[in-house]
Amino acid sequence: MEAGYNFAYLDEATKRMIRRAILKAVAIPGHQIPFGAREMPLPYGWGTGGIQVTASIIGPEDTLKVIDQGADDTTNAISIRRFFARVADVATTERTAEATIIQTRHRIPEAPLREDQILVYQVPMPEPLFRLEPRIAETKRMHALADYGLMHTKLYEDIARLGRIGTAYNYPVMVNDRYLMSPSPIPAFDNPKMDRMPALQLFGAGREKRIYAVPPYTPVRSLDFEDHPFRAIRAPHACTLCGSAASYLDEVVTNDQGGRVYVCSDTDFCRAEQEKAA
Amino acid sequence: MSALQPGFDEPVLDAQASFRAVLEAMSRPGRIIQITAEAPGPAPLNTAAAAVLLTLADAETPVWSDAGPEVAEWLGFHAGCAFTRAIANARFVLATGEVPALSAFDAGTEEEPQSSATLIIQVESLVAGKGWRLRGPGIEAEHRLDVVGLPGDFVAQWQAQRARFPRGVDVLLCAGDQLAALPRSVTIEES
């Protein structure tokens, strides 16, 4: 373990403050709790909120997995994994099934999560209403009154203009029928996985200084209308590498003549599927 | 005056392990969780309550306690706790004897329900598989929990505060080295 740092980087007073915020977040599912986010040794937008949540919960017994857009091998994921290996001396893994804590940027793993796992989301903008109402004092009141007519109007206007709801990621959800919540910029494809998930889901926004949570088995409903039900969208292709026709796909441009392939966004899922086929 | 009892053996790692126990309890209301990191606090503090307070309380969180001066001295030394006599100002409440009415504590506001108090109530025993039927977030179908040592009208008080959601206090029940949580989101049905 790196000398000169406390276990998991943060000092104990900061951890206590974050831990208290996490417990209140779990007690009020979907409600955003302000916290005193610290400066971290990486810039805002690179997962400072998720890292602070992970640093406050992680222990020597944990095994950490970090994904960025589903991939374990991207710069952000690798550097966060290395960070915790250095400052907390924890085991790391790329396999979803082996992890006890999974920190994620913008995806939920394809493999179903279990009760003994915790999913930590990196959140750029925790307030689902911010594009519709920029004043925080006003959005706080709307959450207090569960007054979410504005969001329904936005979705209705999408249907009136486009014939469908035009949101493909960061698709707003209702948590336990009370709080409107941003699921972070995961694809709408992943939204149904949040509903009654056996694992605890924690959300950290570093720049915006908010923490929120969805306890296990909590109903999470994507907003929709009776005549325009929510639909999880995926590219209508099979993965070029593993052949999966059910996983969420990334489109990869292969040349400048319009060539493209579709591959699984979840690299661990893709590897497992390829091993199964081999 | 007796000598001061020690706190956690490993303050950093023991607090982490205890926090995960509390988080697990809070995430799965009514499930009984074992506290592994022991800090031998003075009587009447039990193992679970001692671990919870060392893990979560500090100078920023006024504690209201009915546990007497030795416990206050111990918490003041090891956790740097601030104490308050005004029950409505307490962030943490340590109830080892008679449990005050839930409505006496800060329940937060509609806009900031997170500012409410967390109650650490020492009870005689926690038994799973019988007693109350708990439902709500964190519970797949139903958790059963039998608690000995709460006031007779506790469930009625709980139902009264449940109607005020998202306002309300959260409760950690501590019996020996065992812990079970009642976050404000849970509903309790007596059987």
Side-chain angles (χ1 to χ4, degrees), chain A residues 6-8 11-13 15-36 55-62 88 100 115-116 118 137 139-146 175-176 178-179 196 198-202 211-220, chain B residues 10-29 31 36-37 52 54-61 79-80 91-92 108-118 135-143 165-172 181-186:
Chain A
N6 188 26
F7 177 81
D11 60 276
E12 290 301 298
K15 283 188 201 166
R16 271 196 300 276
M17 174 266 295
I18 295 175
R19 286 168 179 168
R20 291 192 294 257
I22 292 173
L23 292 176
K24 288 297 178 189
V26 170
I28 316 166
H31 174 65
Q32 302 164 50
I33 316 279
F35 79 109
S56 303
I57 64 174
I58 203 165
E61 316 285 310
D62 280 309
T100 56
E115 282 201 359
D116 61 341
I118 300 177
T139 56
K140 266 171 81 173
R141 180 169 307 165
M142 290 159 84
H143 285 295
L145 299 170
V175 178
N176 202 31
R178 175 59 183 82
Y179 280 100
R196 298 186 54 81
L200 171 65
Q201 304 175 69
L202 301 174
I211 284 171
Y212 51 103
V214 176
Y217 303 113
T218 301
V220 176
Chain B
E10 295 267 2
V12 172
L13 298 181
D14 287 352
Q16 188 275 334
S18 301
F19 170 69
R20 283 291 280 278
V22 178
L23 181 62
E24 179 71 5
M26 203 62 128
S27 305
R28 303 178 198 283
R31 192 174 283 184
T36 51
V52 168
L54 285 189
T55 303
L56 295 174
D58 60 22
E60 292 174 17
T61 56
R91 295 272 74 81
F92 287 104
T109 62
E110 297 284 348
E111 291 191 7
E112 296 184 346
Q114 71 272 13
S115 63
S116 68
T118 303
R135 290 193 186 82
I139 301 171
E140 187 173 13
E142 174 180 281
H143 284 172
F165 187 88
R167 299 182 65 212
V169 297
D170 306 305
V171 172
L172 295 167
L182 300 172
R184 71 193 77 179
S185 56
V186 78

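A quick note: this is a predicted structure, and the numbers were derived from the prediction, not measured. So you know, we letter chains A, B, ... as the sequences are listed, proteins then strands, and number each from 1.
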**Request:** Kindly indicate, with the supporting measurements, whether the criterion side chain to side chain contact (heavy atoms under 4.5 Å, CB included) is fulfilled by B:Val12 and A:Lys15.
**Result:** CA-CA 10 Å; B:Val12 172; A:Lys15 283 188 201 166; 3.9 Å; yes
**Item:** Full working for side chain to side chain contact (heavy atoms under 4.5 Å, CB included) between B:Gln16 and A:Asp62
**Value:** CA-CA 11 Å; B:Gln16 188 275 334; A:Asp62 280 309; 4.2 Å; yes
**Asked** salt bridge (charged side-chain N to carboxylate O under 4.0 Å, His left out) between B:Glu60 and A:Arg20: does it pass, once the steps are laid out?
**Response** CA-CA 11 Å; B:Glu60 292 174 17; A:Arg20 291 192 294 257; 3.4 Å; yes
**Request:** For B:Leu23 and A:Leu200, run side chain to side chain contact (heavy atoms under 4.5 Å, CB included): C-alpha distance rounded to whole Å, both residues' side-chain angles, the deciding distance at 0.1 Å, then the answer.
**Result:** CA-CA 10 Å; B:Leu23 181 62; A:Leu200 171 65; 3.9 Å; yes
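Contact between B:Thr55 and A:Arg16 at its shortest, heavy atoms only, is O-CG, 3.0 Å. Residues A:Ala27 and B:Phe165 approach most closely at O-CE1, 4.1 Å, considering heavy atoms. Closest approach of B:Gly138 and A:Tyr217 over heavy atoms only: O-CD1, 4.1 Å. Scanning all heavy atoms of the two residues, the minimum distance from A:Pro216 to B:Ser27 falls at CD-O, 3.3 Å.
By the 4.5 Å heavy-atom criterion applied to side chains, A:Arg178 and B:Pro166 are counted as neighbours. Looking at heavy atoms from C-beta onward, A:Leu23 lies out of side-chain contact with B:Asp170 at the 4.5 angstrom threshold.
When A:Ile28, A:Val175, A:Asn176, A:Val26 are compared by the number of non-hydrogen pairs under 4.5 Å with chain B, A:Ile28 comes out ahead. Comparing B:Arg28, B:Glu112, B:Arg184, B:Arg91 by heavy-atom pairs within less than 4.5 Å of chain A, the highest count is held by B:Arg28. Comparing B:Glu110, B:Arg167, B:Met26, B:Glu140 by heavy-atom pairs within less than 4.5 Å of chain A, the highest count is held by B:Glu140.
Proximity to chain A involves both the backbone and the side chain of B:Ala15, based on heavy atoms less than 4.5 angstrom apart. Looking at A:Asp11, neither its backbone nor its side chain comes within 4.5 Å of chain B, counting heavy atoms on both sides. At a 4.5 Å heavy-atom cutoff, the contact between B:Ile139 and chain A is made by backbone atoms alone. Heavy atoms of A:Pro219 lying under 4.5 Å from chain B are absent altogether. For A:Arg19, the parts lying under 4.5 angstrom from a heavy atom of chain B are both the backbone and the side chain. Using a 4.5 Å cut-off between heavy atoms, B:Ser116 contacts chain A through both its backbone and its side chain. Using a 4.5 Å cut-off between heavy atoms, A:His31 touches chain B through its side chain atoms alone. Contacts of A:Glu115 with chain B are made by both backbone and side-chain atoms, with heavy-atom separations under 4.5 Å. Contacts between A:Ile58 and chain B at a heavy-atom distance below 4.5 Å involve the backbone alone (N, CA, C, O). Neither the backbone nor the side chain of B:Val186 comes within less than 4.5 Å of any heavy atom of chain A.
Looking only at atom types and distance, the side chain of B:Thr118 has a donor-acceptor partner in the side chain of A:Lys24 under 3.5 Å away.
With a 6.0 Å radius and a threshold of 12 heavy atoms from other residues, nucleotides or ligands, A:Glu61 has its CD atom at or below the threshold.
Looking only at distances, no side-chain donor or acceptor of A:Arg141 sits under 3.5 Å from a matching main-chain atom of B:Glu111.
Separation of atoms CD1 (A:Ile118) and CD (B:Glu24) is listed at 7.5 Å; rounding is to 0.5 Å.
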